[in-house]
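See structure below.
Residue numbers count from 1 along this sequence. Note that the coordinates shown come from a computational prediction; the quantities given were computed from them, not determined experimentally. For ligands, and for the atoms within them, numbers begin at 1 and follow the listed sequence.
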Amino acid sequence: MELSHRDITYCKNVGAKRADILRKELKVTTALDMVRQYPYKYIDRSRFYRIAELNDEDTYVQIIGEITEWHTIGIGKAQRLSATFNDGTHQCELVWFQGVKYVKLQRGIKYLLFGKPSRFQHIYNFVHPELTPMSKVTPEMTQGLEPYYNTTETMKRHGLNSKAMRNIIAELLPDLRMGVPDTIGADILQHYRLMNLTDALINVHFPKDTPSMQNARARLKFEELFYIQLQLLRQMKRREMNPGFAMPLVGSRFHALYKALPFDLTGAQKRVIHEIHDDLKSGRQMNRLLQGDVGSGKTLVALMCCLLAIDNGYQTCIMAPTEILANQHYETLKTFLKPLGDAVHVALLTGSTTAKNRVPIHNGLMNGTINILIGTHALIEDTVQWQNLGLVIIDEQHRFGVAQRAKLWSKNEIPPHVLVMSATPIPRTLAMTVYGDLRVSIIDELPPGRKPVQTIHYLLSKRAQVYAFVRKQIQEGRQVYVVFPLIKENEKLDLRDLENGFNEMCEAFPEYKISMVHGQMKAADKDLQMQRFASGETQILVATTVIEVGVNVPNATVMIIQNAERFGLSQLHQLRGRVGRGGDQSYCLLLTDSEISGDTRKRMDIMVATNDGFRIAEEDLRLRGAGDLEGTQQSGIPFDLHIANLSTDGQLLTLARQAAMDILDKDPLLEDEINRIYKRRLDALRIESPQNWSEIS
Ligand code: ADP
Ligand code: MG
């Protein structure tokens with residue numbers, strides 16, 4: 001019987017109880033589901049170790065030798081058995097705490113020892129090893145790679161450990177060899193030289209050697225990534241069939257601002273504005289991601305795009321992730337737009353806009369007199385009605401709350417164009433999945449004349465040196481940020497750190513004025529403090545990461561990051577981006593404890609070594625990555641990846657995306673007969689899409 005039709009209950013070594021657990025814990029209901037549970041690691045059983053070559057990094061090893069001596073200590077439940085194992089050169093110790101009476105040892109025969117060594121003083125120990133007399137060792141036992149499976153606590157409690165999983169799957173092997181229908185067409189398998197599904201499933205569980213295991217995994221990873229890409233790209237293609245507001249005109253406001261700018265746009269800025277304008281005039285809905293490093297001038301690009309839309313008779317809005325940023329955008333835009341006089345009307349709507357002040361804004365949006373509305377993401381909770389919203393720009397740190405955004409334009413017959421700006425550079429592989437349904441524009445050039453920020457790592461013990469440096473900078477007329485970590489779980493403690501830090505700065509710099517901002521302050525107080533710093537009234541700003549994104553005070557040249565070990569790389573880079581915005585040389589000083597781990601050390605080294613945000617983002621993913629799904633989930637990946645890994649499988653991802661794109665270019669809705677397998681599997685998989693806003697409209 002086909003594996004997909006076989007109920008897991010009736011498979012060998014399973015039964016009703018285990019079937020129930022498999023269903024609840026792993027969503028396994030059929031034999032096919034079972035063979036789709038991939039091992040997370042393999043142990044090479046063809047390799048034999050000598051005791052002398054063990055080192056502290058070995059996980060599982062096997063050794064041939066004899067038991068020379070053993071004794072039990074204690075009685076009853078507390079009994080423990082320890083034995084000395086000798087491989088002819090050295091000896092190690094074997095220990096059992098449980099089931100001691102079942103362990104039968106014999107002198108003078110050879111054993112195969114299998115287990116995980118740990119070192120105690122000068123001798124290696126194996127706790128509860130597998131010990132098999134050589135006469136009972138079958139060739140299969142020491143052949144190839146032994147698969148290990150993830151299991152949950154509940155599973156283990158019912159005896160469903162990795163070995164049990166292995167046994168269940170081993171029993172399905174004969175049926176698996178009869179073949180399972182492939183999920184990828186023969187043409188693609190051939191073109192990308194991929195294993196067929198049957199061989200891949202056999203070899204992912206019981207590979208005969210490392211290359212076949214790797215080929216099997218590559219095929220399964222490709223498949224996983226391929227279907228995610230197919231889903232994302234199908235959504236993109238569908239959306240691109242949506243009608244969109246046509247904005248062909250490059251009008252007077254756009255030209256007026258362009259002429260009034262105090263500098264030239266960079267080549268990259270011009271290029272992305274062209275890319276965006278091509279979308280805006282196409283008559284199709286735009287869905288585009290704008291990426292650029294900190295300080296690359298995304299805000300101005302956003303404004304120019306708004307003007308394109310406004311000149312064509314549409315309203316626009318910009319959503320920011322925090323209130324501070326919304327305010328900042330508002331101020332920035334007003335400054336840029338000053339030379340245009342009354343030609344463009346900008347309004348700000350945030351959580352702290354009073355009911356009274358909302359009335360004229362709501363009216364202005366309704367009668368079309370407001371051209372650009374700036375607000376926080378909370379803006380979409382508001383009951384705003386537009387006359388003709390044509391372009392939505394979303395400035396975001398992390399992708400979340402997508403469904404909510406749909407509210408913004410769910411009332412429109414034709415959905416507005418959407419431009420998503422990523423506040424920080426994101427690694428290529430993340431961009432292809434988290435934002436995989438968007439076209440991408442990249443600003444890969446900083447405005448000219450920027451002096452790269454110099455980054456220096458200090459241990460806390462060198463604080464006096466840091467303060468002396470700060471004093472010198474302030475004496476030269478510069479300003480300084482001091483940032484403390486704020487981590488959600490630990491807000492109270494962090495706040496205390498911040499307040500202590502503030503007091504410390506006050507004591508260290510009695511001659512200067514100091515502002516402080518943190519997330520728990522009232523918006524108005526925050527504003528006031530920020531304002532005092534921005535205007536130069538205060539010289540030092542002590543803050544939590546609320547200043548992370550977007551804040552722009554060109555006269556600030558020093559960024560001190562306290563407890564830098566508690567920040568991720570991308571966050572550190574983002575914070576560093578707050579300085580180096582004026583003509584003066586700027587500095588980023590990373591302060592850490594003297595006892596830092598290897599990873600922290602690496603993070604500091606990378607920060608010191610490079611200012612390239614894209615490189616930092618890649619390193620960040622690599623450091624956090626490698627199977628650390630949590631890390632990627634934080635970045636907003638809405639899919640569970642079972643086998644592929646975004647930090648290491650970038651190349652496969654690129655190929656998978658290409659393969660998916662090739663299919664959809666010819667058949668965007670997957671209607672052709674030859675693409676039936678893809679359509680069916682997509683529907684069956686129900687990959688949750690990262691955004692469904694356009695479909696709501
Ligand atoms: P981002 O949002 O990409 O981090 P911003 O839009 O805040 O960057 O721009 C950083 C600074 O660079 C701002 O002060 C902005 O006015 C300035 N800027 C933008 N484009 C240019 C340009 N082409 N030449 C010089 N300065 C620019
Ligand atoms: Mg910005």
Can you pull the ring-ring contact (aromatic ring centres under 6.0 Å, His included) pairs that have at least one residue in residues 558-589, sequence neighbours excluded? F469-Y587
N/O separation below 3.5 Å, P448 to ligand 1: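 Among all N and O atoms of P448, none is under 3.5 Å from an N or O of ligand 1.
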Compute the shortest N/O to N/O distance between P447 and ligand 1 and return yes if it is under 3.5 Å, no if not.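 No, since none of the N or O atoms of P447 sits under 3.5 Å from an N or O of ligand 1.
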Which is closest to atom 12 (O) of ligand 1 in terms of heavy atoms, R581, E445, R450?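 Nearest heavy atom to atom 12 (O) of ligand 1 lies in R450.
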Close aromatic pair by centroid cut-off 6.0 Å: F502 and F484: no
Give the contacting part of [X] toward ligand 1: side chain, backbone, both or neither, where contact means a heavy-atom distance below 4.0 Å.
{"X": "D293", "value": "backbone"}
{"X": "L265", "value": "backbone"}
{"X": "D264", "value": "backbone"}

Any heavy atom of V301 sitting closer than 4.0 Å to ligand 1?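 Not so, V301 does not reach ligand 1.
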When you measure from the side chain of Q385 to the backbone N and O of H362, does any donor-acceptor pair fall under 3.5 Å? no
For F336, the ligand 1 atoms whose distance to one of its heavy atoms is below 4.0 Å: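 Under 4.0 Å from F336, ligand 1 has these atoms: 16 (O).
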Just by distance, no angles: are the side chains of S296 and D293 close enough, under 3.5 Å, to form a donor-acceptor pair?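 No - no donor-acceptor pair under 3.5 Å links their side chains.
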